[in-house]
Amino acid sequence: MSFREVGDDQDEYNHAICEQSDIVLFIVDGYLGDRTKEELTKARETRHNSSDKRPLIWVFVANADNEIISYLEGALGRKYAIDFSSVEELVRLFNE
């Protein structure tokens, strides 16, 4: 499911992340908005409280400053992400 499928209904999107997703993929490119922060928090809480440790959370990051890196590491409680510098590299990393 993509945010495009639920439009601006953040509650529906959060429900999909927490209840319907095996993997949640975030792509952060220089900016981390409040909705993305909320989604990361919801996904991490759900994973922490689930017996099967789902959803898996993958974060791909480009152009991140120290504030974004610190936030992601704190929000995820681990090494924050996979760095990429171009769309081609993102596609290659995702396929790996």
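Values reported hereafter were calculated over all heavy atoms of this structure, with side chains retained and with hydrogens, waters and symmetry mates removed.
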Work out which heavy atom in [X] is nearest to a heavy atom in [Y]; give both atom names and the distance.
{"X": "K37", "Y": "L32", "result": "CE-O, 3.6 Å"}
{"X": "F84", "Y": "L93", "result": "CB-CD1, 3.9 Å"}
{"X": "P55", "Y": "A43", "result": "CD-O, 3.9 Å"}

Practice task
Group every Ile, Leu, Val, Met, Phe, Trp and Tyr by side-chain heavy-atom contacts under 4.5 Å, then state whether V61 and V87 land in the same group.
Solution key: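 Shared cluster, no.
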
Exercise for the section: Give the cluster check for I23 versus L90: same hydrophobic cluster or not, with ILVMFWY residues linked at side-chain heavy-atom distances below 4.5 Å. Expected result: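 Same cluster.
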
Problem - Residue D34 excluded, over 12 heavy atoms near CG under 6.0 Å - result: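 Open: at most 12 neighbouring heavy atoms sit under 6.0 Å from CG of D34.
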
Exercise for the section: Considering only NZ, NE, NH1 and NH2 on the basic side and carboxylate oxygens on the acidic side, decide whether E96 and R92 come within less than 4.0 Å. Expected result: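 R92 and E96: salt-bridged.
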
Handout entry: Audit row: T46, I17, side-chain contact (heavy atoms from CB on, under 4.5 Å) steps and yes/no
Key = CA-CA 9 Å; T46 300; I17 288 171; over 6 Å; no

Return the [atom1] to [atom2] distance between [X] and [Y], rounded to the nearest 0.5 Å.
{"X": "H15", "Y": "D9", "atom1": "NE2", "atom2": "CG", "result": "11.0 Å"}
{"X": "I27", "Y": "W58", "atom1": "CD1", "atom2": "CH2", "result": "11.5 Å"}
{"X": "F26", "Y": "L40", "atom1": "CZ", "atom2": "CG", "result": "4.0 Å"}
{"X": "L76", "Y": "T41", "atom1": "CG", "atom2": "OG1", "result": "8.5 Å"}
{"X": "Y13", "Y": "C18", "atom1": "OH", "atom2": "SG", "result": "11.0 Å"}

Practice task
Go through the structure and list residues passing side chain to side chain contact (heavy atoms under 4.5 Å, CB included) with E38, not counting sequence neighbours.
Solution key: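 Side chain to side chain contact (heavy atoms under 4.5 Å, CB included) list for E38, sorted by chain: Q10, N14, K42.
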
Handout entry: For E88, all residues meeting side chain to side chain contact (heavy atoms under 4.5 Å, CB included), sequence neighbours excluded
Key =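 By the side chain to side chain contact (heavy atoms under 4.5 Å, CB included) rule, E88 matches S86.
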
Answer yes or no: is there a side-chain heavy-atom contact under 4.5 Å between [X] and [Y]?
{"X": "N63", "Y": "I68", "answer": "no"}
{"X": "L25", "Y": "I57", "answer": "no"}
{"X": "F94", "Y": "F60", "answer": "yes"}
{"X": "V24", "Y": "L56", "answer": "no"}

Practice task
Taking side chain to side chain donor-acceptor pair (under 3.5 Å) as the test, write out the residues that go with D52, two or more places apart.
Solution key: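 In terms of side chain to side chain donor-acceptor pair (under 3.5 Å), with neighbours along the sequence ignored, D52 is linked to S50.
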
Exercise for the section: Check step by step if side-chain contact (heavy atoms from CB on, under 4.5 Å) holds for R54 and R47. Expected result: CA-CA 5 Å; R54 292 182 188 262; R47 180 175 170 75; 5.6 Å; no

